[in-house]
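A short write-up of the structure that comes next.
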Amino acid sequence: MGDTYLACDEEIPTIDYSLLLCDDNDQRSIALESLRHACEEYGFFYLVNHTIPDDVLKIVLRGISNYFDPITIDERRVYTKKGSSDKIRWNLNANDGENREYLKVIAHPRDHVPSNPISLSKIIEEYNKEMRKIVFGLARAISKNLGFDEKYIEKAFNMKSGFDVMAMNLYPPNSKAKSDIGIPNHTDPGFVVTLVQDVNGGLQILSHKGRWINVYIPPYAILIQLGDHLEILTNGKYKSHVHRVIVNKNKMQRISVVTLHGPSLDKFIVPAKEFVDDENPQNYIGMTYKESLEANGGNEIDVQSSLEQIKLVI
Ligand SMILES: O=C(O)CCC(=O)C(=O)O
Ligand SMILES: [Fe+2]
């Protein structure tokens, strides 16, 4: 890796999920305060003591690793882009701008998974169900931290019909990289992004302070990144952050499983009035989630960096 992509090892906050919703008032308040700090001062954090067993994560990552077997690549090509309404999309990029193989699926309101192998669809289904429960738990905790009723975010995003896209990424050297970039700089739409991986290495997030930070996720923890639409809802109080993946000269293969947990496609998202006043004018245009994905020039399954299109120029 050239010096161009150097990042620092600043600590990223760790949040204990089990304490956020526990019955002990003192422990819960302390955990909620740590979450508030992580959301306000960082916008991303590691979630530990969550409800997905280590074994489930191991099985998910192993199943995806098997799926990406180089020998069966032709079977995956059936999911190459056909049109803007694809529910499953596969691609292998090895160029200056991006170096990864990926399988993206629409995971909610209906889940779409490759029909073969059947074991993979079962694993993914189970994983998504469990991850959604955690995301609902986070929505309750974050709602409380913002001074709202605990169902506030769930309702504001109509999360029960939320639009979730899951990306399974495989980084070189499964295929030879043509540059240092695994995924170029971007933010992700939605409420939050969840990420699990098999090994550390390559993911970098641009902090509030303008420093690139290396992400080192503790074993079996989940990286949570706040999404663009939480930034919009809070009128910028909670921010989503630019991130990228650097692939380090084909030294190490890495798998990540990234889910963008979004509002329902027809939900109109606009800064909540509680965050708008004379000192904090409205910073984002209101639009439906579907419109904001389209404003990005992409389609529903290819969703990245939508925020710039929605920011009001002041
Ligand atoms: O693979 C990673 O570490 C990050 C992937 C990512 O940012 C994405 O899929 O949106
Ligand atoms: Fe991302």
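None of these values were measured; they are calculated from a predicted model. Order of appearance sets the numbers: ligands from 1, and atoms from 1 within every ligand. Note: hydrogens, waters and symmetry copies are ignored here, and every other heavy atom, side chains too, is used.
In this structure, the ring of H241 has its center less than 6.0 angstrom from the ring center of F44.
Close approach of ligand 1 to L195 is summarised as follows: ligand atoms under 4.0 Å from at least one heavy atom of the residue are 2 (C), 3 (O), 4 (C). If you number the atoms of ligand 1 from 1 as listed, the ones under 4.0 Å from a heavy atom of D188 come out as 10 (O). Atom numbering of ligand 1 starts at 1 in the shown order; those under 4.0 Å from a heavy atom of V245 are 1 (O), 2 (C), 3 (O), 4 (C). Contact atoms of ligand 1 toward V258: 5 (C), 8 (C), 9 (O) (distance under 4.0 Å to a heavy atom of the residue). Near N169, meaning under 4.0 Å from one of its heavy atoms, ligand 1 places the atoms 1 (O), 5 (C), 9 (O). Interface of H186 with ligand 1, defined as ligand atoms under 4.0 Å from a residue heavy atom, comprises 6 (C), 7 (O), 8 (C), 10 (O). Applying the 4.0 Å criterion to heavy atoms of H243 picks out, from ligand 1, the atoms 7 (O).
In this structure a side-chain-to-backbone donor-acceptor pair under 3.5 Å is missing from H112 to D86.
Proximity of Q197 to ligand 1, defined as any heavy-atom pair under 4.0 Å, is not found for any part of the residue. Only the side chain of Y171 comes within 4.0 Å of ligand 1, judged by heavy-atom distances. By the criterion of a heavy-atom distance under 4.0 Å, neither the backbone nor the side chain of V215 is placed next to ligand 1. Heavy atoms of I183 found under 4.0 angstrom from ligand 1 belong exclusively to the side chain. Contacts of L260 with ligand 1, taken as heavy-atom pairs under 4.0 Å, are absent altogether.
Using a non-hydrogen distance threshold of 4.0 Å, R244 does not register as a contact of ligand 1.
The cationic atom of R76 (NZ for Lys, CZ for Arg) lies less than 6.0 Å from the six-membered ring centre of Y67 and within 45° of the ring axis. Cation-pi geometry between K133 and F136 is not met at under 6.0 angstrom from the ring centre and within 45 degrees of the axis.
The N, O or S atom of H186 lying closest to the Fe ion (ligand 2) is NE2. Sorting the N, O or S atoms of D188 by how far they are from the Fe ion (ligand 2) puts OD2 first.
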Would you sort out whether N99 and S179 count as a side-chain hydrogen bond (donor to acceptor under 3.5 Å, both in side chains), showing the intermediate values?
CA-CA 7 Å; N99 290 275; S179 76; 3.1 Å; yes
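Defined by atom type and a distance below 3.5 Å, a donor-acceptor pair is missing between the side-chain atoms of N95 and E98.
The residue from N93, N91, N169 that alone fulfils the side chain to side chain donor-acceptor pair (under 3.5 Å) condition with R100 is N169.
Atom NZ of K273 has 12 or fewer heavy atoms from other residues, nucleotides or ligands within 6.0 Å.
Contact of the Q197 side chain with the V257 side chain is not registered, since no non-hydrogen atoms from C-beta on lie closer than 4.5 Å. Taking the side chain as every heavy atom from C-beta outward, Y220 and K58 approach each other to under 4.5 Å.
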